[in-house]
Amino acid sequence: MAGIYLHIPFCKQACYYCNFHFSTSLRQKDELVAALLKEIVLQKDYLSGETVQTIYFGGGTPSLLTVAELQQLLAALRSTFPVAADAEITLEANPDDLDSGRLESLRDAGINRLSIGIQSFHEADLRWMNRAHNSEQALRCITDAQKVGFRNITIDLIYGGPTLTDEGWQENVAQTIALGIPHISCYALTVEPGTALDHFISKKKMEPTDPDKAARHFELLMQWLEAAGFEHYEISNFGKPGWHSRHNSSYWQGQQYLGLGPSAHSFNGHSRQWNIANNAQYIRSLAAGKVPSELETLTTAMQFNEYIMTSLRTAAGCNLEWVAEKFSAPQSSQLLASSQPFISKGWMEQKGETLRLTKAGRLFADGIAADLFI
């Protein structure tokens, strides 16, 4: 099983909190698509013939591509890699790019899963984040997508922001449940260095984030979605049974994947590589027939730490028997011993050969994982 990710580095405008690689100029879009088509061919052997089960258009805002461009990229992928007939093909999209006609075209082009960047159904939150869409578009794009036949829909929501009250957060989650969305990805608003939000807060032009509010919103979220029948299968992801993201799940399960486009990352089990995060240099390099990437071979310690980080984020947890087989029995024993302080605090639990975070522990997932690294 393998996945392919395509990074489309264009946005209409910059959200204040975003630290992903993107450009608000579409001037190089045609050249970028041409470069992606060349990279697909140059990377044809990276997945060693593994069947591609998932394709994910991320960004940036992939919904800024024309349907013809998406079809061209999908055709190139299918002619280069063995793509499963039932592959999950996801397109990240913003609400303002999705009207009924566009949605029908995307469906007919082969997109079978939408990941929509709603973030909030409240106008004040959207303005504060500098989102390109409004609350009316947020609601309408979902109902329009459902009307044209999309069932596999996930939306993003952001919590913990200064404009979002507890009541407003409950309204966002309740609205999502009422719409019948089967999958939700929820993220705490974080201030990443170098973002516009970081600058505004440092200049006291915006109110800083409140970690206590974010923690409270996360705890409420777990409570509300569990009651609504969602499975909390990864720290930031909730899905109804049968509606988990196949693509993102492959990351957390350590499956290999190929990343295409500027700033995209790839993983083949023993090494990781990443493309340059510069559109112009990426385009020039592909024009010369070279993928502009750097490679890192993973040491045993790096592989162990990555397994701890990814597995503890999931409901499946960390398997001690697998650690013993993959690494060593002493390493498995040491992991269990290192986990005891967190088990005593009620942040982790052991069930048979599995270590998992509890609900309380999910608030400290990254810190717990870091303490278990070697």
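Counting from 1, the numbers follow the sequence of the chain as shown.
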Subject >> Same cluster (ILVMFWY, side-chain, under 4.5 Å), Y257 and Y46 >> reply: no
Subject >> Aromatic ring pairing F218/H232, orientation class (parallel under 30°, perpendicular over 60°, tilted between) >> reply: perpendicular
**OP:** Show the numbers, then the answer: is there a side chain to side chain contact (heavy atoms under 4.5 Å, CB included) between C186 and H217?
**Re:** CA-CA 10 Å; C186 299; H217 283 183; over 6 Å; no
Original post:
Can we call the ring centroids of W322 and Y307 under 6.0 Å apart?
Top reply: yes
Original post:
Can you name the closest pair of heavy atoms from T209 and I201 and give their distance?
Top reply: N-CD1, 4.4 Å
**OP:** May I ask you to check whether N172 and S120 show a side-chain donor-acceptor distance below 3.5 Å?
**Re:** yes
Original post:
Quick one: do F121 and I177 end up in the same hydrophobic cluster if we chain Ile, Leu, Val, Met, Phe, Trp and Tyr together by side-chain heavy atoms under 4.5 Å apart?
Top reply: yes
Subject >> Option from L372, T300, I374 for which side-chain contact (heavy atoms from CB on, under 4.5 Å) with N305 holds >> reply: I374
Original post:
Same cluster for Y5 and L73 if Ile/Leu/Val/Met/Phe/Trp/Tyr side chains link at under 4.5 Å?
Top reply: no
Subject >> T314 and N237: CA distance, side-chain angles, deciding distance, side chain to side chain contact (heavy atoms under 4.5 Å, CB included) verdict >> reply: CA-CA 9 Å; T314 70; N237 288 273; over 6 Å; no
Original post:
For the atom pair OG (S271) and CG (L295), what is the distance rounded to the nearest 0.5 Å?
Top reply: 4.5 Å
**OP:** Mind listing the closest non-hydrogen atom pair of Y187 and S236 along with its distance?
**Re:** CE2-CB, 3.6 Å
Subject >> Steps toward side chain to side chain contact (heavy atoms under 4.5 Å, CB included) verdict (L286, L42) >> reply: CA-CA 9 Å; L286 265 301; L42 291 173; 3.7 Å; yes
Original post:
Which class fits the ring pair W347 and F364: parallel under 30°, tilted 30 to 60°, perpendicular over 60°?
Top reply: parallel
Subject >> Heavy-atom closest pair, residues A138 and I118 >> reply: O-CD1, 3.4 Å
Subject >> Working for side chain to side chain contact (heavy atoms under 4.5 Å, CB included), residues L157 and I184 >> reply: CA-CA 7 Å; L157 294 176; I184 310 170; 4.1 Å; yes
Original post:
Less than 4.0 Å between a side-chain N and a carboxylate O, is that true for R313 and D366?
Top reply: yes
Subject >> Contact list for residues 43-57, test salt bridge (Lys or Arg N to Asp or Glu O under 4.0 Å), sequence neighbours left out >> reply: none
Original post:
Will you find, in the side chains of N275 and E39, an N or O donor that is under 3.5 Å from an N or O acceptor?
Top reply: yes
Subject >> Cluster check L164, W128: I/L/V/M/F/W/Y, side chain < 4.5 angstrom >> reply: no
Subject >> Result of checking E294, E296, E306 against R272 for salt bridge (charged side-chain N to carboxylate O under 4.0 Å, His left out) >> reply: E306
Original post:
Is the NZ or CZ atom of K240 positioned over W243's six-membered ring, under 6.0 angstrom from the centre and within 45° of the axis?
Top reply: no
Original post:
When you look at CZ of F20, are more than 12 heavy atoms from neighbouring residues, nucleotides or ligands closer to it than 6.0 Å?
Top reply: no
Original post:
Are side-chain N/O atoms of H21 and S263 paired as donor and acceptor at under 3.5 Å?
Top reply: no
Original post:
What pair of heavy atoms forms the shortest contact from G110 to I89, and how long is it?
Top reply: O-CD1, 3.6 Å
Original post:
Does D144 come within less than 4.0 Å of R102, counting only side-chain N to carboxylate O?
Top reply: no
Original post:
H247 vs Y251 aromatic rings, parallel, tilted or perpendicular, using cut-offs 30° and 60°?
Top reply: perpendicular
**OP:** Just jot down the ring-ring contact (aromatic ring centres under 6.0 Å, His included) partners of H244, sequence neighbours excluded, or say none.
**Re:** Y233
Original post:
Can you find a side-chain donor-acceptor pair between S338 and Q334 that sits under 3.5 Å?
Top reply: yes
**OP:** Kindly give the heavy-atom pair with the smallest separation between A365 and L357, and that separation in Å.
**Re:** CB-CD1, 3.6 Å
Original post:
Do N94 and S63 have side-chain atoms, one donor and one acceptor, less than 3.5 Å apart?
Top reply: no
**OP:** Compare all side-chain heavy atoms of L139 with those of Q175 and state whether any distance is below 4.5 angstrom.
**Re:** yes
Original post:
Can you tell if the side chain of V173 reaches within under 4.5 Å of the side chain of F238, non-hydrogen atoms only?
Top reply: no
**OP:** Examine L363 and I235 and state if one hydrophobic cluster contains both, with Ile, Leu, Val, Met, Phe, Trp and Tyr joined whenever side-chain heavy atoms are less than 4.5 Å apart.
**Re:** yes
Subject >> 4.5 Å side-chain heavy-atom contact, N134 and E123 >> reply: yes
Subject >> SG on C318 to CD1 on I308, rounded to 0.5 Å >> reply: 4.0 Å
Original post:
Between the side chains of H265 and Q273, does any donor sit under 3.5 Å from an acceptor?
Top reply: no
Cut-off 3.5 Å, no hydrogens considered: what does the side-chain donor-acceptor table look like for residues 75-86, sequence neighbours left out?
unit_1	atom_1	unit_2	atom_2	d
S79	OG	A75	O	3.2
S79	OG	A76	O	3.0
T80	OG1	A76	O	2.7

Subject >> Distance-minimising heavy-atom pair for H133 and Q137 >> reply: CA-OE1, 3.2 Å
Subject >> Exercise: do D108 and S105 side chains pair donor with acceptor under 3.5 Å >> reply: no
Subject >> Heavy-atom check, side chain of M348 versus side chain of R356, under 4.5 Å >> reply: no
Original post:
Is there side-chain contact between F150 and N112, with heavy atoms separated by less than 4.5 Å?
Top reply: no
Original post:
Mind checking whether Y56 and E92 have side chains closer than 4.5 Å, heavy atoms only?
Top reply: yes
Original post:
What is the distance from atom CG of L98 to atom CG of L106, rounded to the nearest 0.5 Å?
Top reply: 7.0 Å
Original post:
Could you state the interatomic distance from CG (D210) to CG (L189), rounded to the nearest 0.5 Å?
Top reply: 11.0 Å
Original post:
Going by heavy atoms in the side chains, are P182 and T154 under 4.5 Å from each other?
Top reply: no
Original post:
Quick one: is the NZ or CZ of K205 closer than 6.0 Å to the six-membered ring centre of F200, and within 45° of its axis?
Top reply: no
Subject >> Side chains of I116 and D156 in contact at under 4.5 Å (non-hydrogen atoms) >> reply: no
Subject >> D97/K12 ion pair, N-O < 4.0 Å >> reply: yes
Original post:
Thinking salt bridges, do E219 and K359 make one under a 4.0 Å N-O criterion?
Top reply: no
